Trainee: 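One structure, as structure tokens, below. Some questions next.
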Amino acid sequence: MIGKKGYISIVLLLIIFITLGFILGYTLFNDDYNSITGAATSTVGNLTANVVTAVACTWSNAALNVSFGEGISQSLSQGPVYNASKNFEGYIGGGAQNVGINWTHYNITADITNTDSINISIKGQHLLIGINTLGVGNITWMSNESNGNGTDASGVIRNFTYLGSSAAGQNFEGFNLTLINDGDTKLASRNRNFSNQLTAGSTVWFRFWLHVPRGQIGGKYVGNYTQTCTAATT
Amino acid sequence: MNKILLIVGMFLISISLVSASIGVGISPSKVSDQVVSKQEKNYTFTIYNTGDIPVLIKMSASDELEGKVKFYPEELSIIPEPEPHRLPPVNGKDVIVTVKAPVSRDLKKITGHIVATAGAAPGSSFGGSGAVASRFELQISPPKHFWDYMTDKQIILVNLLILLVIIIFIVRWLMKKKGIHFALVKEEE
């Protein structure tokens with residue numbers, strides 16, 4: 001049987017243990033306890049860094065205002081394939097075609113202030129008029145990181161042109177806005193890679209072509225596309 | 001004389017419209033953060049215009065961020081940056097992006113993009129929009145309390161149920177005090 005004094009002793013012991021615990025905890029885990037003492041001078045330096053990251057892209061006016069139907073694409077035998085109106089704005093024909101004069105007016109520039117290289121993706125939606133659809137898969141694009149035409153591995157300047165028109169290795173073929181293995185024709189939106197690792201201050205050029213299938217209902221079809229610049233992952 | 005000035009002015013305007021470029025930028029270009037389930041957190045993005053005409057920018061979220069993000073404001077008009085461009089942008093505007101983390105039992109990572117889109121040109125058969133996207137990675141840790149697993153709707157429902165039980169108890173107490181009680185009595189013919 002514990003008496004009154006016993007209870008008082010237990011409570012006192014508990015208070016002593018708790019107090020000791022606080023003191024030990026404070027001395028062992030407080031950083032100041034282990035800090036250097038006795039030095040004549042002590043200097044503490046702070047390093048701060050405000051890192052700003054940013055990506056920006058600038059599109060030529062023509063790039064966001066594409067119209068088709070102002071002329072059949074040059075040197076094509078695929079049937080009714082139309083150039084976008086600014087594909088060959090500077091084209092003078094003949095031998096000049098392969099010396100970079102037939103420049104496109106469609107381009108995107110990665111801003112000089114960009115802190116990352118950028119990837120560009122392109123997403124298009126079907127062209128519509130009323131209930132009639134002209135599938136976005138009928139639009140072909142080709143992009144190139146030189147001023148108008150491309151240069152192959154051996155340094156030969158080649159034209160970048162419509163899908164399927166790579167005659168005798170003279171051209172770089174375009175890409176269709178529909179994924180090659182994508183069988184779902186009901187999808188209204190397609191997303192494809194457009195350009196990779198574009199460094200700050202550099203420009204990518206591109207061209208569009210529209211293939212009109214036989215039997216298509218006539219009219220002014222309207223669609224849209226979005227090009228998105230994103231910081232490259234590596 | 002006035003007519004000549006007008007014609008020259010119109011010509012200069014038409015030249016500037018033809019040569020106009022559209023640009024949009026976003027800062028930061030990537031965000032990586034850790035939050036607890038259901039935590040709501042604000043992030044500030046600066047949107048700026050690298051073109052040479054004012055643009056209307058629309059904000060949106062893509063991929064796994066869709067539906068989890070709110071923008072203040074959702075649309076903004078921005079004037080071009082002075083040349084040469086520099087960081088931080090001079091005429092850039094801030095957009096507050098509020099992200100609400102979904103509930104997750106395990107450590108989970110969601111990724112997506114915060115997208116700023118400059119509008120399509122009207123009147124073209126294949127009008128384009130230019131967009132820049134900031135990569136966004138959010139690591140979500142499990143909730144600290146069991147009630148954090150509950151959605152707002154579930155919390156409201158539980159509160160309503162508790163309120164109903166309290167009302168029943170109060171009514172029963174009042175009935176007992178007044179000597180009133182319910183009874184199932186067969187109706188006599």
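Letters A, B, ... are given to chains in the order of the sequence lines, protein chains preceding strands, and every chain is numbered from 1. Nothing here was measured: the structure is a model prediction, and the numbers come from that model.
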Trainee: State, without any angle test, whether A/Thr58 and B/Ser21 hold a side-chain donor-acceptor pair at a distance under 3.5 Å.
Mentor: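 No, because no side-chain N or O of A/Thr58 sits under 3.5 Å from a partner of the opposite role on B/Ser21.
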Trainee: Can you give me the closest heavy-atom contact between B/Thr50 and A/Cys57, atom names plus distance?
Mentor: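 B/Thr50 and A/Cys57 have their closest heavy atoms at OG1-O, 3.4 Å.
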Trainee: Highest number of heavy-atom pairs under 4.5 Å with chain A: which of B/Thr117, B/Asn49, B/Ile26?
Mentor: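 The residue among B/Thr117, B/Asn49, B/Ile26 with the greatest pair count is B/Ile26.
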Trainee: Is it the case that more than 12 heavy atoms not belonging to B/Lys58 sit under 6.0 Å from its NZ atom?
Mentor: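 No, because the 6.0 Å sphere around NZ of B/Lys58 holds 12 heavy atoms or fewer from other groups.
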Trainee: So which heavy atom on A/Trp59 is nearest to which on B/Val24, and how close?
Mentor: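 Closest heavy-atom pair between A/Trp59 and B/Val24: CZ3-CG1, 3.9 Å.
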Trainee: Contact between A/Asn224 and B/Ser129 at the side-chain level, heavy atoms closer than 4.5 Å - yes or no?
Mentor: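 Answer no - side chains too far apart.
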Trainee: Taking all atoms of both residues into account, what is the closest heavy-atom pair of B/Ala133 and A/Val55, and its distance?
Mentor: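 Between these two residues, the closest heavy atoms are O-CG2, 4.1 Å.
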Trainee: A/Ser60 versus chain B, heavy atoms under 4.5 Å apart: side chain, backbone, both or neither?
Mentor: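 It is the backbone, since no side chain atom gets that close.
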Trainee: Which atoms of B/Phe45 come close to chain A, meaning under 4.5 Å heavy atom to heavy atom: side chain ones, backbone ones, both, or neither?
Mentor: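 The answer is neither part of B/Phe45.
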Trainee: I need the minimum non-hydrogen distance between A/Asp116 and B/Lys30, along with the two atoms involved.
Mentor: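 That would be OD1-NZ, 2.6 Å.
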Trainee: Rounded to the nearest 0.5 Å, what separation is found between the OH atom of B/Tyr48 and the OG1 atom of A/Thr113?
Mentor: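 Spacing of OH (B/Tyr48) from OG1 (A/Thr113) equals 4.5 Å.
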Trainee: Of all the residues in residues 71-95 of chain B, which have a heavy atom that comes within less than 4.5 Å of a heavy atom in chain A?
Mentor: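 So far as heavy atoms go, B/His85, B/Arg86, B/Leu87 are the residues that approach chain A to under 4.5 Å.
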Trainee: Mind ranking B/Gly23, B/Ser29, B/Ala116, B/Pro28 by heavy-atom pairs under 4.5 Å with chain A and telling me who comes out on top?
Mentor: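 Result: the option with the highest number of such pairs is B/Ser29.
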